[in-house]
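The figures that follow rest on heavy atoms only: side chains count, while hydrogens, waters and symmetry mates do not.
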Amino acid sequence: MDPVVVSLKEWFKTRNNNALFYEIFKIIGSNRNEGDDVSFRITDLALSNLRIHLDESFVLDVLNYGKYKDVLSCLKFFDWAGRQPGFVHTRATFHAIFGILSRAKLFSLMLDFLDSYIKQRYVHRVRFHNTLVMGYAVAGKPQVALQLFGRMRFQGLDLDAFGYHVLLNALVEMECFDAVKVIAKQIEMRGFESELTWSVMVKNFCKQKLFEEAGAYLRGLVSDGRSLKGDELGGLVTSLCKDGKFEQAEKLIEEFKDTETVPMTKSYDAWVMNLVWAGRQDEALEFMKKQKFLDGYVPDLFRYNSLICKLLRENRLKDVFDLLMEMKESELSPDDVTMNAALCFFCKAGMVDAAVELYNARSEYGLTLNSMAYNFLINTLCLDGSTDKAFGVLQDSAEQGYFPGKKAISILADAFCREGKLDKMKELLLIALERNVKPSASTYGKFISALCAANRVEDGYLIYEELNKINEVATRSTFFDLIHGFNRLDRGDVAAKLVIEMQEKGYKPSRTLFRAVVRSLSRMQEPETQFLELLKLQMSCSDPSCTIYNFFIEGAGYAKKPELARGVYEMMMKCGIKPNLQSDIIMLQSYLKSEKILDAVNFFNSLRTSRVLGRKLYAVMVAGLCKANKVDLALEFLMEMKTAKVTPSMECYELLIKSLCLNGRYDAVVILIDDLEKTGRSITPFIGNTLLLYSFQSQELYEAWTRLKEDQAEKSDTSMLRLLIGAFCGRVRVSEQVEHLEEVIGNCFTPNVFTYNMLLRRICSINMDSACELFLRMCQNGYVPDQFTFDILVQGFSRHGRTKEAHRWLEEMLRRGFTPAESTTKLM
């Protein structure tokens, strides 16, 4: 085990183990969820079974232990203690509970407590009026406290020294400065003046920002030989720092330090604390180091804890470790804050095992984790891949009344979704919602996305509905995931509903999404009804526009429902919206995709009266006819384009040449190539690769080329293409021209990986060494080999009987993540 961990563990064992206090608060906290009467009886019985010996000191210790942990449990313990035979609450215990309620700003609860105070059976055992004055003073009701004090004086009663000082302090806090002077005079007259009086009076000056007067007051006390405790100077130092007067505060410390009449520990503590609050950690560290060397100053536990927590937030782990070891060497007993900070330190330092060990031994050390420690531990375990342990920590934190923030939930949710632990993710959400913690929309979104990816789309939709119930808006990606999920299930009706809802939430669906939903609707029963219902809803949530109608026309076209697309097209015109060019294109495409060629031609001809037929519409027509293998009709439209002096796009030539090659009509291919050359345009890689591919399969293209272009000059571009076609079909010997083929291709068109693969196939049939050289040049020229490249080389070496080299290339292929083709594996 790390010696650091061992050292700190030994130190933790020296802490003042308040196991009994821990048990008291555990009993009170565990019965809160029962009915009021049941809870009351169970708690009373369990506390009585502890057989506690109650006295003022013990009650004050319990209240001090719980004042920062659980205020309501403190109040319940106070009530229980007051009802126990043989114990009487004192002014000190009353003041302690008043202070706890006040610090928690539970003033209404405190006033209710005071109003019901007279009904309690232990009221007659304490000084009734004294307690009421203190209670209302601490509760922020100084006027009521003064009225009660006046009534006491009228009845011949008076406050004791403790009560006077509680009242005086409350008046200062509430800035009742005139009343402060009166009560201070009463304290002086009764001889109650003490270091408490001086400390409160310094606070009185500071509340009024009379810092010079406060300093003069302290100097006067020193000159009168009063024995100060140091709280007075510490209070002034704190007030100066809060007012931004750090330099003045530092000079004051040096002044009184030199007089050697005032204990300086409290002032040092105040100075360190205010430096930390101001974010001046380096100055605080330097001051502590200096004063420890000069005066043997050791800050109290609170100062150390505050500085360590600040340094943790800044990831200054070395400084944190140094302070922890310094506390250990100074034999300070660590408290919960110290040990929580140490746990956070372990997490941040990557010492996950040490953090888990400390967490598991929390009952041994009497450790109660705070929310920061729970968050750090959960986050660290998630990052370490221990998501189940992290979830266990979260469940424990929930049982202890803490619940991690949204960040910790998000980290744990990410981990569960990433690991596919969707049932635990669901449990995590339920735990959060039970405690009124709303995870972020992105966290819900990740869960829904994971459910959809796992084909649990219905479960994802249930989570989405929960989001709606708590008025949380789902993210755009969440809608996309759900819609695509329901499309895969052919539940276009739900997908369509979600498309409308996402727009109501302010998100704009993409064209692809609309298309997918419409295609999904088309696979349902009565698709037309569903489709028109979606269109109606769409128009109700947005202004009718050509773009919206186009989405539906396109969607119907992709679903191969041209009649439906035409119905929307005509509906658009009836609504007074003129179809734009995009409308005409996608309507035409919807006919062509469904191979409704006659309808496509009729629609195209109908457009002649409404617009000038341009290059885009002709290109759609030619492309669609080629894909439908209507080559003659496509050629007619190409000729019509040229007659209308509309320049055909390269796509038209590419698709026509591919279709003509597929149908073996090589004469027409050569004519088109010639036509392309006359327009001054170059051969594209697509056309060049198509010609080379079909040259591999047959000599017919070469023969057609020779027959139709034999009169052309040898130096023309097409003559170079003829050379390539002849070389690839085997009609031109290339044994002496292998090195030049690559150059010839580059002169004809820009090569790509497909081109190099075909060239490799040709050369592999002749010389494998030349093929390897070509492979290297291919890589040097920036082309990335693909699966087919390696298939060609492996098969080439196998056919040439060079088995070892074939296996070496196969290994390289597998190393790069490619799967050999079946024809390749058969040769091996």
Side-chain angles (χ1 to χ4, degrees), residues 480 483-484 486-487 490 492-493 495-500 502-503 507-628 637 651:
F480 272 65
I483 290 168
H484 286 309
F486 279 111
N487 283 339
D490 286 342
D493 53 338
K497 177 176 177 287
L498 286 165
V499 164
I500 299 302
M502 75 178 291
Q503 292 174 84
Y507 301 121
K508 185 178 180 181
S510 66
R511 176 186 301 177
T512 307
L513 192 70
F514 250 116
R515 180 193 305 158
V517 171
V518 173
R519 292 180 75 175
S520 179
L521 284 174
S522 71
R523 294 190 289 270
M524 299 187 67
Q525 292 183 348
E526 300 181 0
E528 290 79 8
T529 303
Q530 299 281 357
F531 184 86
L532 294 175
E533 180 64 24
L534 174 59
L535 178 58
K536 179 181 176 182
L537 289 171
Q538 180 61 45
M539 291 308 171
S540 69
C541 69
S542 63
D543 295 330
S545 68
C546 202
T547 302
I548 297 296
Y549 281 105
N550 286 350
F551 279 155
F552 282 83
I553 296 169
E554 186 178 32
Y558 271 87
K560 294 189 176 182
K561 298 283 183 181
E563 301 84 1
L564 201 52
R566 186 58 183 260
V568 176
Y569 184 88
E570 291 175 355
M571 188 187 302
M572 175 169 56
M573 292 190 290
K574 288 178 183 177
C575 292
I577 299 174
K578 183 179 179 181
N580 58 18
L581 178 60
Q582 185 66 19
S583 309
D584 294 337
I585 288 173
I586 57 180
M587 187 62 242
L588 181 59
Q589 286 174 333
S590 72
Y591 283 127
L592 292 168
K593 283 171 185 168
S594 301
E595 298 188 8
K596 301 282 187 179
I597 305 303
L598 182 59
D599 290 333
V601 173
N602 290 336
F603 179 73
F604 186 86
N605 290 332
S606 72
L607 295 176
R608 298 178 191 276
T609 59
S610 59
R611 67 168 67 251
V612 176
L613 299 180
R615 184 176 177 178
K616 288 185 177 180
L617 277 167
Y618 274 112
V620 169
M621 197 66 185
V622 171
L625 291 170
C626 286
K627 289 173 184 176
F637 275 99
E651 185 189 16

Notebook entry, point to check: Going by heavy atoms in the side chains, are Phe603 and Asp584 under 4.5 Å from each other?
Noted result: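 When only atoms from C-beta onward are counted, Asp584 and Phe603 do touch, with a gap below 4.5 Å.
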Notebook entry, point to check: Can you check whether Val518 reaches Tyr558 side chain to side chain, under 4.5 Å on heavy atoms?
Noted result: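 In short, these two side chains do not touch, never coming nearer than 4.5 Å.
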Notebook entry, point to check: Is the backbone N or O of Gly557 less than 3.5 Å from a side-chain atom of Ser590, with the two atoms forming a donor-acceptor pair by type?
Noted result: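 Such a contact is absent between Ser590 side chain and Gly557 backbone.
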Looking only at heavy atoms, what is the nearest atom pair of [X] and [Y], with distance?
X: Leu613; Y: Phe604; answer: CD1-CE2, 3.5 Å
X: Leu592; Y: Ala600; answer: CD2-CB, 3.7 Å
X: Val499; Y: Pro509; answer: CG1-CG, 4.4 Å

Next item on the list: Any chance you could lay out the side chain to side chain contact (heavy atoms under 4.5 Å, CB included) test for Glu533 and Leu537, step after step, and finish with the verdict?
Entry: CA-CA 6 Å; Glu533 180 64 24; Leu537 289 171; 4.0 Å; yes
Got a sec, which residues hit side-chain contact (heavy atoms from CB on, under 4.5 Å) with [X], two or more places apart in sequence or on another chain?
X: Ala496; value: Val517, Leu521, Leu534
X: Ser545; value: Thr547, Ile548
X: Lys497; value: Tyr461, Glu501
X: Met573; value: Tyr569, Glu570, Pro579

Margin query: Is there a side chain to side chain contact (heavy atoms under 4.5 Å, CB included) between Val620 and Ile586? Walk through the geometry before answering.
Written below: CA-CA 9 Å; Val620 169; Ile586 57 180; over 6 Å; no
Checklist line | side chain to side chain contact (heavy atoms under 4.5 Å, CB included) between Asn487 and Arg519, intermediate numbers included | finding: CA-CA 8 Å; Asn487 283 339; Arg519 292 180 75 175; over 6 Å; no
Measuring from [X]:[atom1] to [Y]:[atom2], what's the distance to the nearest 0.5 Å?
X: Thr512; Y: His484; atom1: OG1; atom2: NE2; answer: 7.5 Å
X: Ile553; Y: Cys546; atom1: CD1; atom2: SG; answer: 7.0 Å
X: Leu588; Y: Lys593; atom1: CG; atom2: NZ; answer: 10.5 Å
X: Asn580; Y: Ile585; atom1: CG; atom2: CD1; answer: 8.5 Å

Notebook entry, point to check: Which salt bridge (Lys or Arg N to Asp or Glu O under 4.0 Å) pairs, counting each pair once, include a residue from residues 594-605, with sequence neighbours left out?
Noted result: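 Listed by first then second residue: nothing to list.
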Using the test side chain to side chain donor-acceptor pair (under 3.5 Å), find all partners of [X] that sit at least two apart in sequence or belong to another chain.
X: Ser594; answer: none
X: Gln582; answer: none
X: Tyr549; answer: none
X: Gln589; answer: none

Checklist line | Steps toward side chain to side chain contact (heavy atoms under 4.5 Å, CB included) verdict (Tyr591, Asn602) | finding: CA-CA 10 Å; Tyr591 283 127; Asn602 290 336; over 6 Å; no
Check: Got a sec, which residues hit ring-ring contact (aromatic ring centres under 6.0 Å, His included) with Phe514, two or more places apart in sequence or on another chain?
Finding: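 Phe514 satisfies ring-ring contact (aromatic ring centres under 6.0 Å, His included) with Phe551, Phe552 once adjacent residues are dropped.
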Next item on the list: Under the ring-ring contact (aromatic ring centres under 6.0 Å, His included) rule, collect the residues that match up with Tyr507, sequence neighbours excluded.
Entry: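 For Tyr507, the residues satisfying ring-ring contact (aromatic ring centres under 6.0 Å, His included) (neighbours in sequence not counted) are Phe479.
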Notebook entry, point to check: By salt bridge (Lys or Arg N to Asp or Glu O under 4.0 Å), which residues pair with Arg515, not counting sequence neighbours?
Noted result: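 Salt bridge (Lys or Arg N to Asp or Glu O under 4.0 Å) list for Arg515, sorted by chain: Glu554.
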